[in-house]
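Here you go, one structure.
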Amino acid sequence: MAAPLVSALQKIQRQFGYLKREALEQFSEQSGVPLYRLHSVASFFPHFQLTPPKPVTLKICRDMACHMAGSAKMMRDLDSLGNGMIGVEGVSCLGRCDRTPAACIAVTGSEHDYFYFKRSAAELKQIAEDWLRGEPSPEDHDIDQPFSHAPVMIDPYAGKTPEYGAVLRALQIRDQALVRATTLLSQKSNWPQDDVARFRTGALQTKIEEAMPDRVEQALRCWHTEDDWAKGLELAGWSEILLNELKDADLRGLGGAGIPATQKWKDVRDAVRTAFRRRDDTRAFIVVNGDESEPGTFKDRELLLRTPHLVIEGVILAALVTGATEGFIFIRHEYPEQIEACRAEIARAEELGVCGPNALLLGRPLPVSVFVSPGGYICGEQSALIEAMSDRRGEPRNLPPKLETNGLDDRPTLVSNVETFAWVPYICLNGGASYASQGVNEWKGRRLFSVSGDVKRPGVYEVPMGMTLRDLICGEQFCQGIAGDKKMKGIAPSGPSGGFLPAKLTTTAGLPRDHTNNKSWQALVKRHNLDPNTTELDILDLELELNLFRALSPTQALGAGLIVYAEGRDMAAEAVNSLEFYRNESCGKCVPCRLGAQKMVSLGTGLLEGQINRTRWTNELLPMIADMGKAIEQTSICGLGRSVPVPLRSAINYFEADVNKHLK
């Protein structure tokens, strides 16, 4: 499945530096796509330029960690460069929160932007002027940074050439089941060898070819649906062996929702089997959601760059289990090194015969390709991602139906996070129980976190689930403590969507009602020898596990991106910065989200500028903010809208002093 419209727009922009009208008209005439549709798509995605840009544009990240590093002042200081020949603009998170402030240079006609990290305003000014003179400054590369300062277990091939051993194991299980099936048909049913050979070939395919003898076609239909004689782990149910490993591992989606991986895989497999029973279109797709645009989140950047073989092997295994026919790795365009690394690894995997149009080891085609996102945080929402891949505006769908039954091309589609796929080879090679045993404090498994902000050593860290925040933030192997040896003031546990938590949760600010009777609380205090009746909990004593955060954290969120704030930070200003992010990135489909985000930014800006008096804030604006937040949450289609009120609400609830100091 291709996206000819998006690909054509990307090609035109590479050629001219923007979407030249004459080129759009020519493509419209040749393709038959109306010009209004081209403009509809092009005007939605921030990557596309509809007017000629400046020869050089300096883009500076304005979100969370970069905002903490002074990017707003930097943009003001660099507002006028190069006698009007250099543009300066703020952009949403570039995914380099560990090297702030992050910036990039866009040059007319270049295939991708050029990135620069931890540079001063003076340095960026010089870099932009060098590009304008045609003397480009050497860019900074992700590959030059260390992957992790802590031990990493996710790659079972570490130090060796990846030979897709997990795929080979899956093929061995499948082929042994197929041998048993052909023996059954040959010996017990007395089939001639020609029919047995037809069955063996057809069993590997993802559709039943026409002109088959009736009994072969019927046997193949049983095989592809695990019906009648083909039932069971020993025969057509062989994929359940791999699914049981994922279940034993308790592998969950690592993009934020925490849905068990086996649930999605089974839903897609069942949808494919239903298509076989109905003699319907049996195509199905595997999509890796690599649109890592949440501020503070950059773990997938490292996996796509340094271990692309794990992601691709996870895609192949998912296709074998579900019966999917094609795989895509959806990567944001701000990750050029990652795009190149994945494409190179796909080519190597094709040479090994484990994917591609002629995947010899699989015995059937399985094309895998990279889809480069045309931009926008909203594409991280899986249905919006599918819309973008379908040559439409990246707006979230109203669900149901689920993507697992009606996704790309209205066919069954499995969409999961990069890290979820990357853990699958380890689990298939070492067993689900082995992965589960890697957790601590009675939790299961391991996962990666991105940590940025006021820590001494920001970066990506693979940790056992259940490890405390204290161990991650203060541990010598990990972040090594708060920058400047200050005290921690707060933390954003899931980018802007998780709001801000104070350093201490209390019965009046953060702890759940009747917290001492909460089972998660009782288990936590027992594990760490805390006072079970205390009215205060140090946030650093919370364990890194989604279920625990859902039970004890007031925002109930634990994502992949943690941003740490030291004493001295103005959390009201940080909240307004997060509101601006949602305002900038709202797709606009939901009116309450579109208008509500802007209204909240206006209120926040007025607060920071000292335009609001205390009486009006207390009597009028606080009730309005609460009502507006509730309306946005209840009427928005996707998680972006439901997250809009969270930053300001958490600042009001847990950092009252920071809010009050701005009131007249």
Side-chain angles (χ1 to χ4, degrees), residues 147-148 150-174 176-177 233 237-255 258-266 269 288 299-300 302-303 306-322 354 414 416-449 460-468 471-472 475 477-478 527 543-548 558 560:
F147 181 2
S148 176
V152 175
M153 295 180 59
I154 194 170
D155 189 359
Y157 307 109
K160 300 177 289 186
T161 302
E163 297 297 343
Y164 292 81
V167 169
L168 298 180
R169 178 181 177 237
L171 293 177
Q172 183 182 35
I173 294 170
R174 180 201 67 178
Q176 287 173 348
L233 298 179
W238 64 269
S239 60
E240 201 70 28
I241 297 172
L242 299 179
L243 286 173
N244 285 338
E245 296 287 8
L246 299 185
K247 184 178 179 181
D248 291 343
D250 194 28
L251 181 66
R252 295 175 176 270
L254 297 170
I259 297 171
T262 50
Q263 180 179 324
K264 282 188 174 184
W265 289 42
K266 285 184 176 181
R269 185 189 65 178
V288 180
K299 67 180 177 66
D300 294 345
E302 297 298 299
L303 292 173
R306 302 175 195 278
T307 59
H309 53 278
L310 299 181
V311 182
I312 294 162
E313 186 163 22
V315 169
I316 298 167
L317 288 163
L320 287 170
V321 167
T322 62
V354 293
L414 169 62
S416 278
N417 177 260
V418 169
E419 188 185 350
T420 308
F421 283 109
W423 276 112
V424 172
Y426 177 95
I427 292 168
C428 288
L429 284 172
N430 296 289
S434 172
Y435 171 80
S437 69
Q438 301 301 324
V440 295
N441 291 319
E442 301 178 19
W443 300 108
K444 296 179 180 180
R446 296 176 72 87
R447 66 173 295 185
L448 278 72
F449 285 98
V460 176
Y461 296 99
E462 182 195 302
V463 304
M465 288 198 186
M467 191 174 81
T468 64
D471 288 338
L472 176 59
Q477 277 190 316
F478 302 105
R527 285 195 292 268
E543 297 161 353
L544 292 164
E545 219 296 328
L546 179 58
N547 290 324
L548 186 73
L558 176 64

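Worth saying up front: this structure is predicted, and the values here are computed from it rather than measured.
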request  = May I ask you to test the L448-E302 pair for a side-chain heavy-atom distance under 4.5 Å?
outcome  =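 Not touching, per the 4.5 Å side-chain cut-off.
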
Nearest-0.5 Å distance that lies between atom OH in Y461 and atom CD in Q477 =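 If we round to the nearest 0.5 Å, Y461:OH and Q477:CD are 10.0 Å apart.
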
ask   = Between D300 and E419, is a side-chain contact (heavy atoms from CB on, under 4.5 Å) present by the stated rule, with each step listed?
value = CA-CA 7 Å; D300 294 345; E419 188 185 350; 4.1 Å; yes

request  = Please test M467 against F449 for side-chain contact (heavy atoms from CB on, under 4.5 Å), starting from the C-alpha separation and ending with a verdict.
outcome  = CA-CA 12 Å; M467 191 174 81; F449 285 98; over 6 Å; no

ask   = How many angstroms lie between atom CD1 of I154 and atom CG of L310, to the nearest 0.5 angstrom?
value =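 It is 6.0 Å, given to the nearest 0.5 Å.
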
request  = Using a 4.5 Å cut-off on heavy atoms from C-beta on, say whether the side chain of P162 contacts that of E313.
outcome  =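 SC-SC contact between E313 and P162 ruled out.
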
inquiry  = On a heavy-atom basis, which atom in G466 and which in W443 lie closest, and how many Å separate them?
reply    =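 Scanning both residues, the minimum pair turns out to be CA-CD1, 3.4 Å.
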
request  = Identify the two heavy atoms, one from R269 and one from S239, that lie closest to each other, and give their separation to 0.1 Å.
outcome  =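 For R269 and S239, the tightest heavy-atom pair comes out as NH1-OG, 3.0 Å.
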
task = Please name the pair of heavy atoms, one in A433 and one in D248, separated by the smallest distance, quoted to 0.1 Å.
result =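 Taking A433 first and D248 second, the nearest heavy atoms are N-CB, 4.1 Å.
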
message = Between I316 and I312, does the side-chain contact (heavy atoms from CB on, under 4.5 Å) criterion hold? Intermediate values first, please.
response = CA-CA 6 Å; I316 298 167; I312 294 162; 4.0 Å; yes

inquiry  = Under a 3.5 Å distance rule, please check whether E245 uses its side chain to pair with a backbone N or O of I241 as donor and acceptor.
reply    =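 Not a single qualifying donor-acceptor pair exists.
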
Pairwise distance OG(S148) to CD(E462) - rounded to 0.5 angstrom =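 Output value for this atom pair is 7.5 Å.
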
task = Using a cut-off of 6.0 Å, state whether more than 12 heavy atoms not belonging to E163 lie near its atom CD.
result =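 Enclosed: over 12 neighbouring heavy atoms sit under 6.0 Å from CD of E163.
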
Short side-chain to backbone donor-acceptor contact, T420 and L254, under 3.5 Å =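 Checked: pair present.
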
inquiry  = For A249, is there any backbone N or O sitting under 3.5 Å from a side-chain donor or acceptor partner on Y435?
reply    =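 A pair under 3.5 Å: no.
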
query = Any side-chain heavy atom of L414 sitting closer than 4.5 Å to one from W265?
reply =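 Yes, close enough: below the 4.5 Å cut-off.
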
query = Is any side-chain heavy atom of H309 less than 4.5 Å from a side-chain heavy atom of Y164?
reply =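 When only atoms from C-beta onward are counted, Y164 and H309 do touch, with a gap below 4.5 Å.
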
request  = Would you name the heavy atoms of A422 and P425 that are closest together and state the gap between them?
outcome  =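 So the minimum-distance heavy-atom pair works out to O-CD, 3.4 Å.
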
task = Quick one: closest heavy-atom pair of Q438 and Y426, and the distance?
result =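 Looking at all heavy atoms of both residues, the shortest contact is NE2-OH, 3.7 Å.
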
Polar side-chain atom of E543 near backbone of E545 as donor-acceptor pair, under 3.5 Å =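 Checking the backbone N and O of E545 against the side chain of E543, no donor-acceptor pair under 3.5 Å is found.
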
message = How long is the straight-line distance from CG of L429 back to CZ of R169, given to the nearest 0.5 Å?
response =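 It comes to 7.5 Å.
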
query = How far apart are the C-alpha atoms of L317 and V321, what are their side-chain angles, what is the distance that settles it, and do they pass the side-chain contact (heavy atoms from CB on, under 4.5 Å) test?
reply = CA-CA 6 Å; L317 288 163; V321 167; 5.6 Å; no

ask   = So, are K247 and E240 salt-bridged, with charged N and O less than 4.0 Å apart?
value =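 Judged by the 4.0 Å cut-off on N to carboxylate O distance, K247 and E240 do not form a salt bridge.
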
query = Closest heavy-atom contact between G314 and V424?
reply =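 Scanning both residues completely, I find the closest heavy atoms to be CA-CB, 4.4 Å.
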
Any L303 side-chain heavy atom under 4.5 Å of F147 side chain =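 SC-SC contact between L303 and F147 confirmed.
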
task = State the CD-CG distance between Q263 and L243, to the nearest 0.5 angstrom.
result =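 So the CD of Q263 and the CG of L243 are separated by 12.5 Å.
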
ask   = To the nearest 0.5 Å, how far apart are CE in M465 and CG in L558?
value =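 Answer rounded to 0.5 Å: 9.0 Å.
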
